[in-house]
Peer 1: 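Pasting in a structure now, in structure tokens, and then I'll have a few things to ask.
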There are 2 protein chains.
Amino acid sequence: MNAVSTSASVRPEDERASLSEVLRAHGVGPTHQRIEIARALFSRMTHLSADQVLAAVNQRHAETSKATVYNTLKLFVEKGLVREVIVDPTKVFYDPNTSPHHHFYDVETGEITDIDGDRISILGLPALPEGKMAAGVDLIIRVRSSA
Amino acid sequence: MNAVSTSASVRPEDERASLSEVLRAHGVGPTHQRIEIARALFSRMTHLSADQVLAAVNQRHAETSKATVYNTLKLFVEKGLVREVIVDPTKVFYDPNTSPHHHFYDVETGEITDIDGDRISILGLPALPEGKMAAGVDLIIRVRSSA
DNA sequence: GGCGAAATTAGACAGAGTCCAATTCTTATC
DNA sequence: GATAAGAATTGGACTCTGTCTAATTTCGCC
């Protein structure tokens, strides 16, 4: 289950209010733009790149600048609202699913699919380097069409 | 053990000849530039970005263009001479170690360290998506200075 | 409503990587 | 060793993602 559930019966103003709550709960002051960006991510629950977020948010009429999208995504990552997924050398994806999980990455189509973290154990990891602490474990399985 | 061992006693012309052999063995026609790029990677055995390779190759006097470095690194990846390591959203690293292994990535310093693949088992991986085959498994442990 | 702080903005900028048409090199053949 | 055909290399313009900045707008609070 995730931070925001988006059932079909939620009235738009209630959705905005509940997104506002979620932002506040994570120490993020809610603004129009941040709420729209959060909605773009949480209502889709897929992995979006910054420019996909920009396009989604400005779909009807432009309201949010590129700078704000980048600022906000960075802020959301810091505050733990979304996770960065780095699998593609040309752009970063943002993942509204923050529970521990891993990814399939289709190198041909660019498609990213979640792998539930519960089912996976990684055995035999060596000790972390001296004076370091873990900041995240990303397991990425690259796949392509079978011949 | 790796494709090319570089002991201190190897004469430069022998090193070039043996790199030539390695390239041919992987279906890559040897040229001056490709040999120099291979040497930059294999003599260091560390993870280099494209522009670090460019700088290394042109250290004494410029001899190889940016386009060639990019073309060649892509070719080396296709032919299995080096592996791409995608951990940093701003640049790709190239890893001359092609045996199965994983990486520590220090998010503060950018340092990349190998984790021997022999010691690690990943349990519980789900079936690959329909019609897909694995193209690589990358486990990345992000680390930072402990508080 | 008004004020100070925080957020947003347009657009210039930076850096990694790509593309292209012209040139140069490799290699196979003689 | 010379030649010709194909392969590789080149500079430089270009694209794209992401950053920066100074000016403006909005937010939260009294």
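Below, read A as the first sequence line, B as the second, and so on, with proteins coming before strands; counting in each chain starts at 1. All figures in this text were calculated on a predicted structure; none of them were measured in a lab.
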Peer 1: From C-beta outward on A:Thr64, which listed nucleotide comes closest to its side chain: D:dT10, C:dA7, C:dT9?
Peer 2: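 Looking only at side-chain atoms, A:Thr64 lies closest to C:dT9.
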Peer 1: If only side-chain N and O atoms of A:Gln33 are considered, is one of them under 4.0 Å from the OP1 or OP2 phosphate oxygen of D:dT26?
Peer 2: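 Answer is no, no contact under 4.0 Å.
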Peer 1: Let's see if you can work this out: which of D:dT10, C:dA16, D:dG18 has an atom nearest to the side-chain heavy atoms of A:Val92?
Peer 2: D:dG18
Peer 1: In terms of side-chain heavy atoms of B:Arg24, which of C:dA10, C:dT27, C:dG17 is nearest?
Peer 2: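 My answer, after comparing the listed nucleotides, is C:dT27.
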Peer 1: May I ask you to test the A:Ile115-A:Leu139 pair for a side-chain heavy-atom distance under 4.5 Å?
Peer 2: no
Peer 1: Looking at every strand, decide which applies to B:Thr68 at a 4.0 Å heavy-atom threshold: base, sugar-phosphate, or nothing.
Peer 2: base
Peer 1: Which of the following nucleotides, D:dG12, D:dG18, C:dG11, is nearest to the side chain of A:Ala67?
Peer 2: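 So the side chain of A:Ala67 is nearest to C:dG11.
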Peer 1: Indicate, with a heavy-atom threshold strictly under 4.0 Å, whether B:Thr90 touches base, sugar-phosphate, or nothing.
Peer 2: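 Answer is sugar-phosphate: B:Thr90 comes under 4.0 Å of backbone atoms only.
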Peer 1: Given D:dT9, D:dT17, C:dA7, which nucleotide is nearest the side-chain atoms of A:Asp51?
Peer 2: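 Minimum distance to the A:Asp51 side chain belongs to D:dT17.
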Peer 1: Look only at the side chain of B:Ser146 and the backbone of A:Gly131, and say whether a donor-acceptor pair between them is shorter than 3.5 Å.
Peer 2: yes
Peer 1: Can you check whether A:Thr109's main-chain N or O pairs, donor with acceptor, with A:Asp106's side chain at less than 3.5 Å?
Peer 2: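 Yes; judged by distance alone, with no hydrogens or angles, the pair exists.
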Peer 1: What nucleic acid atoms does B:Pro30 come within less than 4.0 Å of, heavy atoms only: base, sugar-phosphate, or nothing?
Peer 2: sugar-phosphate
Peer 1: So if I take every side-chain heavy atom of B:Tyr70 and compare against D:dG11, C:dA16, D:dG18, which nucleotide ends up nearest?
Peer 2: C:dA16
Peer 1: Map B:Glu63 and A:Ser49 onto DNA chain D by nearest heavy atom, then report which one ends up closer to the 5' terminus.
Peer 2: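 Nearest-nucleotide comparison on DNA chain D picks B:Glu63.
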Peer 1: I want to check one thing: is the phosphate of D:dC27, taken as OP1 and OP2, less than 4.0 Å away from some side-chain N or O of A:His32?
Peer 2: yes
Peer 1: Does any donor-acceptor pair link the side chain of A:Lys66 with the base of D:dG18 at a separation under 3.5 Å?
Peer 2: yes
Peer 1: Looking only at the side chain of B:Ala50 (C-beta and beyond, no hydrogens), which of the listed nucleotides C:dT9, C:dG17, D:dT9 gets closest?
Peer 2: C:dG17
Peer 1: With side chain to side chain donor-acceptor pair (under 3.5 Å) as the criterion, how do A:Asp114 and A:His102 come out once you've worked through the C-alpha distance, each side chain's angles and the decisive distance to 0.1 Å?
Peer 2: CA-CA 6 Å; A:Asp114 285 357; A:His102 301 290; over 6 Å; no
Peer 1: Tell me if a side-chain donor or acceptor on A:Thr68 pairs with a main-chain N or O of A:Thr64 at a distance below 3.5 Å.
Peer 2: no
Peer 1: Assuming nearest nucleotide by heavy-atom distance, tell me which of B:Gly29 and B:Tyr94 is located more 5' along DNA chain C.
Peer 2: B:Tyr94
Peer 1: Would you say A:Thr31 places a side-chain N or O within less than 4.0 Å of OP1 or OP2 belonging to C:dT8?
Peer 2: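 Yes, such a contact exists.
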